[in-house]
Amino acid sequence: MNANVSCKLTQLGLDLSVDFAKAWCFRLRSGAAAYESFLRIDMESSVYTQRTVELVKRVPRNRPPWVR
């Protein structure tokens, strides 16, 4: 199936811990890359903007970019 994953960081536990959400991002990114797909991280309300941007910058991006 040609599909991609889209999620919000709060679904991955951002309110619990940035490191917890980051670990899930790494897992999902690896799974997406294995299927030549990508992980799209959706922006949420302004309360989460800075944490979302900072976390996305920390997730490795291979070419093609598997995290968008």
Side-chain angles (χ1 to χ4, degrees):
M1 179 183 297
N2 185 9
N4 300 302
V5 177
S6 177
C7 69
K8 295 181 180 345
L9 292 178
T10 55
Q11 292 174 305
L12 304 180
L14 184 61
D15 283 331
L16 299 173
S17 162
V18 172
D19 289 331
F20 185 80
K22 179 183 163 197
W24 273 107
C25 280
F26 275 68
R27 288 182 193 120
L28 290 171
R29 177 202 159 273
S30 295
Y35 290 96
E36 297 184 1
S37 185
F38 65 86
L39 168 63
R40 180 183 312 275
I41 298 183
D42 297 334
M43 185 56 72
E44 298 184 67
S45 69
S46 60
V47 175
Y48 300 104
T49 301
Q50 191 61 40
R51 287 184 283 172
T52 298
V53 170
E54 288 178 15
L55 196 150
V56 168
K57 286 180 181 179
R58 292 168 56 187
V59 177
R61 299 171 189 219
N62 297 342
R63 293 204 180 264
W66 303 115
V67 176
R68 296 180 184 176

* Asked: Do any N or O atoms from the side chain of Glu44 and from the backbone of Leu9 form a donor-acceptor pair under 3.5 angstrom?
  ->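 Yes.
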* Spatial distance of atom CZ (Arg51) from atom OG1 (Thr10) [nearest 0.5 Å] ->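 Answer rounded to 0.5 Å: 9.5 Å.
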* Rounded to the nearest 0.5 Å, how far apart are CD of Gln11 and CD1 of Ile41? ->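 So the CD of Gln11 and the CD1 of Ile41 are separated by 11.0 Å.
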* To do: Go through the steps for Ser6 and Asp42 under the test side chain to side chain donor-acceptor pair (under 3.5 Å), then give the verdict.
  => CA-CA 7 Å; Ser6 177; Asp42 297 334; 2.9 Å; yes
* To do: Measure across Cys7 and Leu28 and return the closest heavy-atom pair with its distance rounded to 0.1 Å.
  =>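 For Cys7 versus Leu28, the nearest heavy atoms are SG-CD1, 4.4 Å.
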* How far apart are the closest heavy atoms of Gly13 and Ala21, and which atoms are they? ->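 Residues Gly13 and Ala21, closest heavy atoms: C-CB, 4.1 Å.
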Group every Ile, Leu, Val, Met, Phe, Trp and Tyr by side-chain heavy-atom contacts under 4.5 Å, then state whether [X] and [Y] land in the same group.
X: Leu14; Y: Val47; answer: yes
X: Leu55; Y: Phe20; answer: yes
X: Val53; Y: Tyr48; answer: no

* Looking at side-chain heavy atoms only, is the closest gap between Ser37 and Val5 below 4.5 Å? ->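 No. Closest side-chain heavy atoms not under 4.5 Å.
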